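First comes the structure, then the notes that go with it.
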Amino acid sequence: MQTQSSYADISCFVEGNFQININEQIFFSQTEFPILEFAMAANTWLEAIDKNSNDVFKFESIDHKGPILIFENAGNSKLLIRSEFPEKKVSPLLNKYDVTKELKEFIDNVKDSLTKG
């Protein structure tokens, strides 16, 4: 039987190159990014949004203290994205629908990669 803590420990070892592009510019880029851990956290946040219970997503990795990425409600169906490690200093307002759509596609790609591997 696998506990949630051991699953979280395993998830932090699935790493890869990760990049967020906004308006064809790199906003965030990191090698050895905890892909699975991020996908799991993003999925939890998306489920909360579907229940209208959480408009803020702070991704904190097991390997890093403090949030690496933050998505927060800016009103009018917009999200503000921030990072401790931005490539681009401006934190633009993004369409909430577009962000959630991209995150869902990312999560599906991670799931597909894990099941094919």
Side-chain angles (χ1 to χ4, degrees):
M1 186 170 146
Q2 191 175 41
T3 65
Q4 189 164 3
S5 62
S6 65
Y7 186 67
D9 293 341
I10 291 168
S11 70
C12 72
F13 293 111
V14 179
E15 298 177 335
N17 295 333
F18 182 79
Q19 187 169 297
I20 296 174
N21 296 316
I22 300 172
N23 298 327
E24 299 180 19
Q25 295 182 357
I26 298 171
F27 170 75
F28 179 86
S29 182
Q30 189 174 30
T31 59
E32 299 180 11
F33 185 81
I35 300 283
L36 181 56
E37 187 180 359
F38 178 73
M40 291 167 50
N43 191 61
T44 299
W45 179 61
L46 290 172
E47 289 173 352
I49 285 178
D50 288 343
K51 297 175 185 171
N52 294 321
S53 65
N54 191 359
D55 284 335
V56 178
F57 173 38
K58 292 182 181 180
F59 174 61
E60 298 177 352
S61 173
I62 293 170
D63 293 343
H64 181 75
K65 294 186 187 246
I68 296 172
L69 289 167
I70 301 171
F71 297 83
E72 58 187 312
N73 187 3
N76 296 324
S77 297
K78 299 287 184 187
L79 291 173
L80 177 68
I81 183 173
R82 295 185 290 130
S83 173
E84 185 176 331
F85 312 105
E87 298 283 327
K88 179 182 173 187
K89 297 296 181 190
V90 178
S91 295
L93 290 176
L94 303 171
N95 181 292
K96 187 175 183 177
Y97 172 80
D98 292 340
V99 171
T100 58
K101 180 180 172 227
E102 290 292 329
L103 282 174
K104 287 175 183 176
E105 288 177 17
F106 169 77
I107 292 165
D108 287 342
N109 288 337
V110 170
K111 287 178 184 176
D112 288 346
S113 294
L114 292 171
T115 56
K116 290 178 184 176

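It should be emphasised that the depicted structure is a prediction, and the values quoted were computed from it without experimental measurement.
- The two atoms that bring Leu103 and Ala42 nearest to each other are CD2-CB, 4.2 Å, heavy atoms only.
- Side-chain contact between Leu69 and Ile20 is present, with heavy atoms from C-beta onward closer than 4.5 Å.
- Panel note: side chain Glu84, backbone Gly66; no donor-acceptor pair is recorded below 3.5 Å.
- Here the NZ-CG distance, from Lys78 to Leu94, works out to 8.0 Å after rounding to the nearest 0.5 Å.
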Atom pairs and distances, side-chain donor-acceptor, residues 22-33, under 3.5 Å, sequence neighbours left out:
from: Gln25; atom 1: OE1; to: Lys88; atom 2: NZ; distance (Å): 3.3

Check step by step if side-chain contact (heavy atoms from CB on, under 4.5 Å) holds for Ile107 and Leu46.
CA-CA 10 Å; Ile107 292 165; Leu46 290 172; 3.7 Å; yes
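- Residues Ala74 and Leu93 share a closest heavy-atom pair of CB-CD2, 3.4 Å.
- One finds the CG atom of Leu80 at 10.0 Å from the CZ atom of Phe71 (value rounded to the nearest 0.5 Å).
- Residues satisfying the ring-ring contact (aromatic ring centres under 6.0 Å, His included) test with Tyr97, not counting sequence neighbours, are none.
- Looking at Leu36 and Leu114, their side chains come closer than 4.5 Å, going by heavy atoms from C-beta outward.
- With contacts defined as side-chain heavy-atom distances shorter than 4.5 Å, the pair Gln19/Glu87 does not qualify.
- Two residues are said to be in side-chain contact when any heavy atoms from C-beta on lie closer than 4.5 Å; Phe38 and Ile68 fail this criterion.
- Ring orientation note: the planes of Phe57 and Trp45 are close to parallel, at an angle under 30° on the 30°/60° scale.
- Taken from CG in Leu79 to NZ in Lys96, the straight-line distance is 6.0 Å, to the nearest 0.5 Å.
- Heavy atoms only, all atoms of each residue included: Gly16 and Ile35 are closest at N-CG1, 3.5 Å.
- A side-chain hydrogen bond (donor to acceptor under 3.5 Å, both in side chains) check over residues 101-111, counting only residues at least two apart or in different chains, returns nothing.
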